[in-house]
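Small disclaimer: the values here were computed from a predicted structure and weren't measured. Just so we're on the same page: letters track the sequence lines, and every chain starts at 1.
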There are 2 protein chains.
Amino acid sequence: MLHEEVVGRVRAMLLDGEIPPGARIPERDLCEKLQISRTPLREALKVLAAEGLVQLLPNRGSRAARLTDKDMRDLFEVCQGLEALAGELACERITDAEIAGVADAHAAMVRHYGDRDLLQYYRCNRFIHEAIITAAGNPVLSSLYESVTARIRRARYVTPMTPRRWALAVQEHEAILNALQRRDGVGLSHILRAHLRHKREEVLQAGFAETAPLEQARAS
Amino acid sequence: MLHEEVVGRVRAMLLDGEIPPGARIPERDLCEKLQISRTPLREALKVLAAEGLVQLLPNRGSRAARLTDKDMRDLFEVCQGLEALAGELACERITDAEIAGVADAHAAMVRHYGDRDLLQYYRCNRFIHEAIITAAGNPVLSSLYESVTARIRRARYVTPMTPRRWALAVQEHEAILNALQRRDGVGLSHILRAHLRHKREEVLQAGFAETAPLEQARAS
DNA sequence: TGGATCCAATTTGAATTCAAAAATGGCTAT
DNA sequence: ATAGCCATTTTTGAATTCAAATTGGATCCA
């Protein structure tokens, strides 16, 4: 197994909650689960620690990082900045074909909204946001966005919405698509920021932070 | 030597150019220079690779990453976004004492401009930009900013300026301080973006990218 | 009975060792 | 003489080994 693959596998276990936030990560267990020795696993853990997904306790091993309300707020705040930037750049650089792709995803999303299919709705939703990032044509931005959003993904794309809020979100997405089609970068960036601010308030209100009291959580 | 210390030492060697861009990094040499074994060094290299400072070539070791014009452009672009965001947040959260600190640094910077002391000028300049980031009160933002700016630091704070450009930069900094004192977040973010855009154009024009032809560069 | 201390066992951190891949140098053949 | 090929050497990647730190528990004393 390649180094990047080890990192990816463990990252996925953390993001999926297979290793729950706050859980100790016993190296030996994870080693035999992945069928590798401790050396490559430890390399992966250090990388993930640098990403903020793992917390290293000197001489006392590592544990899955846990997000406080403040962390969540900070991550959303940065995410707003990155999406706003991406929105402006995307309007300058996006191709007509890419716009058409976003329009299709948007239409599909609206249909899923009609069906009240939250899972499929979120899938399209995420595709749209990521398409805007991609259209910005800036790999550095894409990479930072990827690492920031990964950490709030579950909160962002799992939290159930009130009917009121969901309807508003769809309206906002209408505006997003519209601004993109008009290539109105400034407008798009404003809408994206408001959109994410609303989502953040919703997530925080739902108390989605990972400051769970359970201390003994362990990777099964 | 602690893990973070190893990472820091090697990172510094890369950023200082002690290991020049594009240079192969022979593990054994670095090991004996740092007086550690290969295991912790390799862990550090993987972390630095994730940061984008080191390029890993499977089965062929690692080399110091090299910035192309495109990389430089992308990094500056993201930096603009991050500083713009920080500027807005800073205006909401900065304390009067912090503003006074920035004002002092600004005054000192203007004096150094009067003396045409580029080194001291850049030192104050950098302090101001970093103070704005800190004042935003968002550790996630600070951390991303740190990693992005580290990679363009030499280009940003070493490039000599034309008298014309230098005067303009000082003017821009007057506007930055002014917006901060008025706590005009939107205004500050616009100025910061323009300021960085100008710096970027200057750096790119000077051909500061690290696409040097020398292939044989080695860490001494 | 409560608390502190010491010892054993587990777990982490890092050096060493071993195997596999790539680079180097020399050799041969044309 | 040069191009291509094979053996040797070097370097990387990963498992193992060894040492140090921490944890848990048992014992001893107040």
Exercise for review: Compute whether any side-chain donor of one residue and acceptor of the other, for A/Y145 and A/E83, lie under 3.5 angstrom apart.
Suggested key: yes

Review point. Which residues pass the salt bridge (charged side-chain N to carboxylate O under 4.0 Å, His left out) test with A/R93, sequence neighbours left out?
Key: B/E77

Point to revise | A/P21 side chain near A/L67 side chain, heavy-atom distance below 4.5 Å | key: no

Point to revise | Partner of A/Y157 by side chain to side chain contact (heavy atoms under 4.5 Å, CB included), out of A/N125, A/L118, A/L119, A/T149 | key: A/N125

Study note, to complete from the structure: Per-nt protein contacts along nucleotides 9-22 of chain C (heavy atom under 4.0 Å; B base, S backbone sugar-phosphate only, - none) come out as ---BBSBB----SS

Check your understanding: Between B/E146 and B/R153, is there a salt bridge with N-O shorter than 4.0 Å?
Key -> yes

